[in-house]
Engineer: 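I'd like to ask some things about the structure below.
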Amino acid sequence: MTFDISNIEQQSQSLIQEAEGLISQANSMDELKQTKQDLMGDKSPLSQMHRKIGTLEPEQRKQIGRLLNEVKERIDGLVSKRREELEAQESLGQRQESQMDLTEVLLFSTSATAALGYLTRGHMHLVTQTQIELEDTFVGMGFFVAEGPEVETDWYNFEALNMPPDHPARGMWDTFYLNLGAPESILLRTHTSPVQIHLMESAVQGEDGLPIYAVMPGRCYRRDTPDARHIPVFHQIEGLVVDKGITFADLAGTIEAFTTAYFGSSIHSRLRPSYFPFTEPSAEFEITCTICEGVGCRTCSNTGWIELGGCGMVNPRVFDAVGIDSLVWSGFAFGFGIDRCAQMRYQIADMRQMLENDVRFLYQF
Ligand code: FA5
């Protein structure tokens with residue numbers, strides 16, 4: 001638009017109307033800046049008009065000057081108003097982006113505190129709860145609870161358990177080594193069985209002596225590829241009984257008594273021949289599938305049974321390693337996954353969920 005001095009008032013009105021339309025259509029600060037430049041910049045009709053004022057008669061100059069100043073102020077006002085609107089929209093958008101989902105608070109809360117909208121206090125992780133329940137079950141059966149180190153020497157994790165260097169059974173456990181080789185390998189224990197060795201050593205050397213009826217829970221580490229039933233850092237609970245006249249029937253009876261005490265009377269156990277270097281004979285023990293209660297389902301591959309752990313009679317070579325006379329004493333040992341136990345008990349499809357720290361998962365237990 002170019003200004004025609006003879007029609008200045010009408011043209012001022014048209015300019016204001018045009019400015020209103022353009023300014024209201026500016027949807028960002030950049031667009032608004034450009035619109036202002038088009039309306040009021042050096043090349044705008046308004047500036048061109050200002051430049052012409054000098055050529056007018058003094059009286060006309062005053063009148064048109066005032067009119068153009070009013071147009072300029074009006075456009076300035078429209079631009080400022082639109083700027084404020086855009087700033088408000090921008091900060092609302094930012095707040096919405098960074099906003100917490102307050103409905104999650106209710107998700108994490110128990111029904112009692114949900115009404116108040118408060119976060120509940122934290123609670124023990126499912127695996128810790130399961131460990132404590134397992135310990136209680138075994139304590140109720142006459143066992144005591146012992147612990148051992150997570151960082152072990154090769155001797156405790158392998159050699160004393162009848163796996164000398166180069167024994168092929170070491171391959172059963174893919175190991176994280178902290179220091180491989182001389183003078184002795186240091187590693188993260190692959191199972192809780194080395195705690196058997198610590199216990200038997202201190203029973204022989206210390207005051208407690210024999211017999212032993214103990215369970216030993218703890219964290220274990222393996223270079224296992226994570227899947228629905230395996231994680232690289234998991235938990236086992238080991239059992240060890242050393243007494244006079246202990247037989248395989250005691251082992252089978254103990255496993256069955258534990259299974260019904262912990263899982264309920266509809267769940268039973270069975271033993272199947274297996275191999276572990278530190279027990280002879282050895283077995284895998286299975287329990288009735290907790291998902292289908294023995295009928296057969298996908299989880300148990302339609303067998304009705306699920307493997308929980310390994311067991312067997314303490315190998316006399318292990319007794320030799322710790323200085324216990326195997327002609328006088330006999331015993332059994334077992335070991336199974338605490339995480340696997342929780343998975344079975346609470347029917348958790350994928351064990352990896354236990355490590356993800358998603359409180360919506362954890363608060364279910
Ligand atoms: C052992 O570790 C033997 N030490 C058990 C044992 C003890 C046998 C005493 C005889 C006498 P195994 O590698 O099968 O055995 O592991 C036992 C159980 O630990 C498994 O059945 C499973 O429940 C659990 N487990 C093993 N690896 C993992 C893993 N990567 N993630 C979760 N659970 C695991």
Side-chain angles (χ1 to χ4, degrees), residues 126-127 130-131 134 138 143 146 148 152 156-158 160-163 167 169-176 187-200 212 214-242 246 248 250-252 254-255 258-259 262-263 269 271-287 289-290 299-300 305-315 317-319 330-345 348 350-355:
L126 172 62
V127 173
T130 308
Q131 179 174 325
L134 290 170
F138 281 110
F143 288 74
E152 275 295 7
Y156 282 100
N157 198 76
F158 289 126
L161 289 163
N162 190 31
M163 283 176 278
H167 192 291
R170 287 180 175 224
M172 287 163 71
W173 297 283
D174 210 346
T175 310
F176 285 111
L187 47 87
L188 295 174
R189 69 179 176 195
T190 56
H191 50 178
T192 42
S193 297
V195 193
Q196 288 185 36
I197 305 299
H198 288 287
L199 262 193
M200 287 191 274
I212 296 172
V215 285
M216 300 143 260
R219 205 174 282 142
C220 304
Y221 305 82
R222 286 185 200 175
R223 290 164 45 121
D224 281 346
T225 308
D227 62 23
R229 289 149 68 96
H230 294 88
I231 43 182
V233 181
F234 60 100
H235 301 75
Q236 283 188 342
I237 184 160
E238 188 87 5
L240 175 69
V241 166
V242 180
I246 296 293
F248 201 91
D250 296 310
L251 166 61
T254 302
I255 299 247
F258 155 74
T259 303
Y262 184 73
F263 288 100
S269 63
L271 303 181
R272 302 207 311 163
S274 184
Y275 171 75
F276 294 100
F278 32 92
T279 47
E280 184 58 38
S282 301
E284 261 172 15
F285 70 92
E286 300 181 330
I287 59 163
C289 175
T290 51
T299 306
C300 61
W305 296 93
I306 290 214
E307 185 213 312
L308 200 60
C311 61
M313 301 303 291
V314 178
N315 192 320
R317 285 171 177 260
V318 175
F319 281 145
S330 60
F332 65 76
F334 57 84
F336 59 91
I338 297 177
D339 319 72
R340 189 71 61 81
C341 217
Q343 186 178 27
M344 288 301 113
R345 185 154 181 193
I348 297 164
D350 195 321
M351 195 182 275
R352 288 169 288 192
Q353 285 181 284
M354 297 192 202
L355 295 182

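One-based numbering, in listed order, for ligands and for the atoms of each.
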Engineer: What residue pairs, at least two apart or across chains, pass salt bridge (Lys or Arg N to Asp or Glu O under 4.0 Å) with a residue in residues 271-282?
Structural biologist: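 Passing the test, one end in residues 271-282: R272-E286.
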Engineer: Side chains of R189 and Y156 only: does a donor on one sit below 3.5 Å from an acceptor on the other?
Structural biologist: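 Distance-only check fails for R189 and Y156.
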Engineer: Say you draw a straight line from CE of M216 to CG of L240; how long is it, rounded to the nearest 0.5 Å?
Structural biologist: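 Going from CE on M216 over to CG on L240, the span is 4.5 Å.
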Engineer: Got a sec, which residues hit salt bridge (charged side-chain N to carboxylate O under 4.0 Å, His left out) with D250, two or more places apart in sequence or on another chain?
Structural biologist: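 In terms of salt bridge (charged side-chain N to carboxylate O under 4.0 Å, His left out), with neighbours along the sequence ignored, D250 is linked to no residue.
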Engineer: What short N/O contacts, under 3.5 Å, does ligand 1 make with the protein, listed by atom pair and distance?
Structural biologist:
residue  : atom   : partner : partner atom : Å
ligand 1 : 2 (O)  : R222    : NH2          : 2.9
ligand 1 : 2 (O)  : Q236    : NE2          : 3.0
ligand 1 : 4 (N)  : H191    : ND1          : 2.9
ligand 1 : 4 (N)  : S193    : OG           : 2.9
ligand 1 : 13 (O) : W173    : NE1          : 3.0
ligand 1 : 13 (O) : R222    : NH1          : 2.9
ligand 1 : 13 (O) : R222    : NH2          : 3.1
ligand 1 : 16 (O) : Q236    : NE2          : 3.3
ligand 1 : 19 (O) : Q236    : NE2          : 3.1
ligand 1 : 21 (O) : E307    : OE2          : 2.9
ligand 1 : 21 (O) : L308    : O            : 3.2
ligand 1 : 23 (O) : L308    : O            : 3.0
ligand 1 : 23 (O) : G337    : N            : 3.2
ligand 1 : 27 (N) : R222    : NH1          : 3.2
ligand 1 : 30 (N) : D224    : OD2          : 2.7
ligand 1 : 30 (N) : I231    : O            : 2.9
ligand 1 : 31 (N) : I231    : N            : 3.0
ligand 1 : 31 (N) : I231    : O            : 3.3

Engineer: Do E152 and H198 have side-chain N/O donor and acceptor atoms under 3.5 Å apart?
Structural biologist: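 E152 vs H198: donor-acceptor pair found between side chains.
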Engineer: For R222, give me all partners under salt bridge (charged side-chain N to carboxylate O under 4.0 Å, His left out), at least two apart in sequence or on another chain.
Structural biologist: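 Testing R222 for salt bridge (charged side-chain N to carboxylate O under 4.0 Å, His left out), a comparison that skips the adjacent residues, returns none.
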